Amino acid sequence: MISLNEIRSRARAFTIEWKEEEREDAEAKSFWDEFFNIFGVSRRRVASFEYFVHKQDGAQGFVDVLWKGVMLAEHKSKGMSLDKAYTQAKDYFPGLKDAELPRYVVVSDFARIRLYDLEEGTQDEFPLDDLHKHVEQFGFISGYEVQRYEEEEAASIKAAQLMAEFHNEIAKTGYQRHDLEVFLVRILFCLFADDTEIFPRNHFRTYIEQRTNEDGSDLGSRLLELFDILNRPEDQRQTNIDEQLAAFPYINGAVFGERIASISLDRAARETLLKCCAFDWSAISAAIFGSLFQGVMDDEERRQLGAHYTSEINIRRVIEPLFLDELYNEFDRAKRSQQRLETFHKKLTNLKFLDPACGCGNFLVTTYRELRKLELQILKRLRKPKEMSLAMFGADELSKIHVNQFYGIEIEEFPALIARTAMYLADHQANQELSKEFGVIFARIPLEEPATIINDNALTVDWSEIVSPKNLSYIIGNPPFYGARFMNKAQKADLTAVFPKGMKKVGDLDFVTGWYAKASEYIQGTQIGVGLVSTNSITQGEQVATLWGYLTEKFDIHINFAHRTFKWTNDAKGKAAVHCVVIGFSCVNAEKKYLYEYPSISGDPVEKEVETINAYLVNAAQVLVTGRRKPLCDAPLMAMGNQPIDEGNYIFTTKEKDEFLAKEPGAEKFFYKWLSSYEFINGYEKWCLYLGKADPSELRQLPFVLERIENVRNSRLQSKREATLKLASTPTKFQTENIPTESYMVIPEVSSENRRYIPMSMLPPSTLVNNKLRIIRDASLFHFGVLTSEMHMAWTRAVTGRLKSDFQYSIFIVYNNFPWPPRTELGHLYEQARMRIEAAAQEVLDARSLFPSSSLADLYDSNTMPPELTKAHDRLNRAVDAAYGFNSRKSEPERLEFLFDLYTKYLTDSS
């Protein structure tokens, strides 16, 4: 099956060709023949052109393209109505047998394409220019599913597994890490070279089969002998060496120069190596190297190294909006002029790229490959393949893009080694494509002009010593993902040193923010564009104001494009589950900015041109939501629940409470129902012995209660915290006490992001809650209704912090900054709106009460939420939206734009 990357590349070339003036009046048949070729499918083999049918009215008709049971296409002249084309297509249906009826209908006019999925009831229209952005939707042509497709190419996955298996056989023998890593990369190079005409075809495999013993006893020495030959020019080799060794070409010291320790191998290792040799390594993609690296490491080490190696799909989410799309647009503008094409070609040769966390080089390799593909399009126009060949010009005279335009920094030695090798392999693959086009096999052997891959700490090394900012064009990459609480001491020190000494709240920043700060300082006074993949935590919660306040105030950074939160996918073994964003920024405020929204977090993005992008990745005012001690609006105070600091002496299960009261019945009046967020959401029951208001004379009559009090006092005395030691003098009191005397509202501090709504509720004063629940004492049904609505949830999703991927609800960031419905704008209608919200909020509580045996976890699970509750929430959402004057049919991005604009207004009004 043809790869999606190749499909995209073909789609770009197809649209360029069909935009030519001389092609506009071409036959629809040619259009569809070439369209199918994009997906590696011959139209003639699967679909008929001008298929005869009888229409419903008895008239004869001819379907432009019919793939029976799959697709029907109808083509019109440029500018004609696609609606009419679709109507005409549907008119053919009565003349088709049931088995011939298509799932997909495609209509086009050479300039636009519209795709209907009749099973899903969807349609999508886009300009022909954007076909490469929509190829997944036509995945049914090449055999890919439309809704989702496999990011990991089968060849790459298999190759990684084979190399991991070979590594394991060697590692069993105790061969040391560095030598093993170098050895493994050399084997990788040989396997690739054996299938891509760097070596004579299958020469490495033949050498292993014919020149090593079956028991593998001499395999290690034979391989080291080969490595020495590959590092030695032909004219410096002994004249009497084995003829099979002599047939290997000179590669050079970049891969084979370092001396490594001798290695002893066995039968199992030889058999595994031959198994690797039997695989076709010419089919691997750049993503193999990330997979390789993770595939040979254990889970714990992978976690420690933060090795979230990026899939090619995620790489393209960075490089396409950062530079690749515009380069293709520039090519489109230049393609009719040889002089402009030559100028554009020269521009490509001057582009330089830095990945300051390059890992195994996936970003660099993919970027290099895409530039070479674009260059090939240029060369095809400058030098017609039928008239000129490599034999006439030589590859260097044609291809002027080299791996020495690429720079990387990687803290770990092994991935840095792989990255250097990967760039050579990517270069050879590109040269093979050039050879196919111009008719002569070419390989840049011996290897020359290497990429600059530095094995160093990117947060401590001076990037300008690696490549001057005056010469650099773009910074790309995927820095390591560590939360603020998961860094080791060395990482904390490295991160702190990047920011100004004494800067507040640096300790709350994730590790990746160090790359944002370093890049922002490095690009000052330049037009360098930066595109980084990051965890979405840097666009949520308290980090936003700390990081982006610094970047904008100190360096005047502008976000020019961004992918909002999407679910991470990568090509590595044991894929890490992470929610990510892509942020493109520079010192230049771009005229056109693009936001990429994800209707489904695991799906494909929708591109939207916007006026501005703020630090929350919203098309709204450039504001930073900072912590506030009191609500911005006229709203009741929210506080945290109780924190006993009692070593569990005051907390009981139902069974423990009953047993305790059997011994101490006089203590019953002091027991309150007790909830943490876990019990609250899941419907479990615990109890608390609250003695803060007990009469001392009563307590002295309760010996088992006094025993608990004494245990609490002693446990506090053993603490090293001064505040806890002080608290030992009042052992009946909690460290934090929040004891309501009337009904009150609670919100859990942490709640799953998979729920559409954070479960909230009203509780009686006979129930106490711990510090993992937030309390609003003076809350009414109005407050409950607004806070459990989609409006408040959208605000929460945008600005709250996260614990892993779950919501971590902040009083100071989320609640105190929440923009409540605008009372002044509603005027006398405010009370009516308030009453409608209260009525709808009560309906939500009533709907819950229909299921008394169900917990809030049951009720708000996306798979089990009752229809009655869903409908009640929908009615509540409409009532709340009406109070805001917001159209409920609008999307969440539009809702966020509205909320941020309202928040900005409230800030202005309060200042």
Side-chain angles (χ1 to χ4, degrees), residues 120-121 147 567 599-603 654 673 675-686 743-764 766-767 769 772-776 779-797 800 805-809 814 818 833-884 886-892 895:
E120 295 294 329
Q147 293 85 354
K567 195 169 185 178
S600 167
I601 200 169
S602 301
T654 298
K673 192 172 182 179
L675 298 177
S676 69
S677 60
Y678 181 77
E679 284 84 30
F680 170 69
I681 292 174
N682 292 284
Y684 299 134
E685 189 176 68
K686 279 191 177 180
S743 67
Y744 60 101
M745 182 178 171
V746 293
I747 300 176
E749 178 187 15
V750 177
S751 178
S752 170
E753 61 152 3
N754 295 322
R755 300 187 183 104
R756 184 178 174 186
Y757 305 99
I758 295 176
M760 307 176 189
S761 194
M762 307 296 292
L763 296 178
S766 58
T767 298
V769 301
K772 294 303 180 182
L773 285 163
R774 303 332 194 179
I775 291 177
I776 307 177
S780 66
L781 275 174
F782 168 75
H783 300 111
F784 170 78
V786 173
L787 292 178
T788 197
S789 72
E790 187 60 41
M791 193 66 80
H792 179 253
M793 284 305 305
W795 177 258
T796 301
R797 283 189 287 266
T800 194
S805 61
D806 294 337
F807 300 126
Q808 188 166 29
Y809 194 93
V814 182
F818 177 60
R834 183 185 181 100
M835 291 172 63
R836 283 194 293 269
I837 291 172
E838 288 179 342
Q842 184 61 54
E843 288 183 28
V844 169
L845 295 175
D846 292 344
R848 291 181 186 178
S849 68
L850 296 174
F851 306 93
S853 62
S854 294
S855 67
L856 290 171
D858 298 328
L859 292 170
Y860 285 92
D861 185 289
S862 59
N863 293 319
T864 60
M865 188 173 185
E868 295 88 344
L869 184 56
T870 300
K871 291 175 182 177
H873 269 287
D874 290 343
R875 288 190 291 271
L876 175 60
N877 288 334
R878 289 193 292 272
V880 172
D881 287 348
Y884 279 94
F886 181 79
N887 186 342
S888 296
R889 294 191 203 121
K890 291 188 176 181
S891 64
E892 173 146 327
R895 188 182 291 275

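Just so it is clear, the model here is predicted, and its values are computed rather than measured.
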Value for NZ (Lys567) from OG (Ser600), rounded to nearest 0.5 Å, stands at 9.5 Å
Between Gly785 and Ala841 the two heavy atoms that sit nearest each other are CA-CB, 3.7 Å
- Item | Stepwise side-chain contact (heavy atoms from CB on, under 4.5 Å) check, Phe818 with Val786 | CA-CA 10 Å; Phe818 177 60; Val786 173; 3.6 Å; yes
Ser761 meets the side-chain hydrogen bond (donor to acceptor under 3.5 Å, both in side chains) criterion, sequence neighbours left out, with none
Applying side-chain hydrogen bond (donor to acceptor under 3.5 Å, both in side chains) to Gln842 and not counting sequence neighbours gives Asp846
Separation between OG (Ser789) and CG (Leu876), nearest 0.5 Å, reads 6.0 Å
task = State, yes or no, whether a side-chain contact exists between Leu859 and Pro866 at a heavy-atom distance under 4.5 Å.
result = yes
Sequence neighbours excluded, the answer for salt bridge (Lys or Arg N to Asp or Glu O under 4.0 Å) partners of Glu685 is none
Taking C-beta and beyond as the side chain, do Met793 and Ile758 meet within less than 4.5 Å on heavy atoms? yes
Test side-chain contact (heavy atoms from CB on, under 4.5 Å) applied to Val814 and Trp795, step by step
CA-CA 7 Å; Val814 182; Trp795 177 258; 3.9 Å; yes
All heavy atoms of Ala847 vs all of Glu868, minimum pair found to be CB-O, 3.9 Å
Checking Leu856, Leu787, Ile776 against Met760 for side chain to side chain contact (heavy atoms under 4.5 Å, CB included), the one that qualifies is Leu787
For Arg836, the salt bridge (Lys or Arg N to Asp or Glu O under 4.0 Å) test, sequence neighbours excluded, returns none
Any non-hydrogen side-chain atom of Lys871 less than 4.5 Å from a side-chain atom of Glu843? no
Sorted by chain and number, sequence neighbours left out, side chain to side chain contact (heavy atoms under 4.5 Å, CB included) with Lys890 holds for Phe886, Asn887, Glu894
By side-chain hydrogen bond (donor to acceptor under 3.5 Å, both in side chains), Tyr744 pairs with (sequence neighbours left out) none
Sequence neighbours excluded, the answer for side chain to side chain contact (heavy atoms under 4.5 Å, CB included) partners of Glu838 is Ser780, Leu781, Phe782, Arg834
Q: Examine distances only and state if a side-chain atom of Thr788 and a backbone atom of Phe784 form a donor-acceptor pair shorter than 3.5 Å.
A: no
Rounded to the nearest 0.5 Å, the OH atom of Tyr860 sits from the CG atom of Leu869 at a distance of 4.5 Å
message: side-chain contact (heavy atoms from CB on, under 4.5 Å) for Leu773 and Ile747? Distances and angles first, verdict last.
response: CA-CA 6 Å; Leu773 285 163; Ile747 300 176; over 6 Å; no
One should read off an interatomic distance between Thr654 OG1 and Lys673 NZ, to the nearest 0.5 angstrom, of 8.5 Å
Any donor-acceptor N or O pair under 3.5 Å, side chains Asn877, Tyr757
yes
NZ of Lys686 to CD of Glu679, rounded to nearest 0.5 Å, is 5.0 Å
Those residues at least two apart in sequence (or on a different chain) that pass side chain to side chain contact (heavy atoms under 4.5 Å, CB included) with Tyr678 are Ser676, Asn682, Tyr684
| query | Would you call Glu892 and Arg797 a salt bridge, using N to O less than 4.0 angstrom? | reply | yes
Residues at least two apart in sequence or cross-chain that pass salt bridge (Lys or Arg N to Asp or Glu O under 4.0 Å) with Asp858, listed by chain then number, are none
| field | Check: Thr800 side chain, Gln808 main-chain N or O, donor-acceptor pair, under 3.5 Å | value | yes
Residues 755-764 vs salt bridge (charged side-chain N to carboxylate O under 4.0 Å, His left out), sequence neighbours excluded, gives Arg756-Glu790, Arg756-Asp874
When every non-hydrogen atom of Asn863 is compared with those of Asp861, the smallest separation belongs to N-OD1, 2.7 Å
query: Do the non-hydrogen side-chain atoms of Glu749 and Ser677 ever get within less than 4.5 Å of each other?
result: no
Note to self: Measuring only between side-chain heavy atoms, which start at C-beta, is Ser855 closer than 4.5 Å to Ile681?
What the structure shows: no
By side-chain hydrogen bond (donor to acceptor under 3.5 Å, both in side chains), Tyr809 pairs with (sequence neighbours left out) His792
In this structure, CG of Asp806 is separated from CG of Asn754 (nearest 0.5 Å) by 7.5 Å
Residues at least two apart in sequence or cross-chain that pass salt bridge (Lys or Arg N to Asp or Glu O under 4.0 Å) with Arg895, listed by chain then number, are Asp881
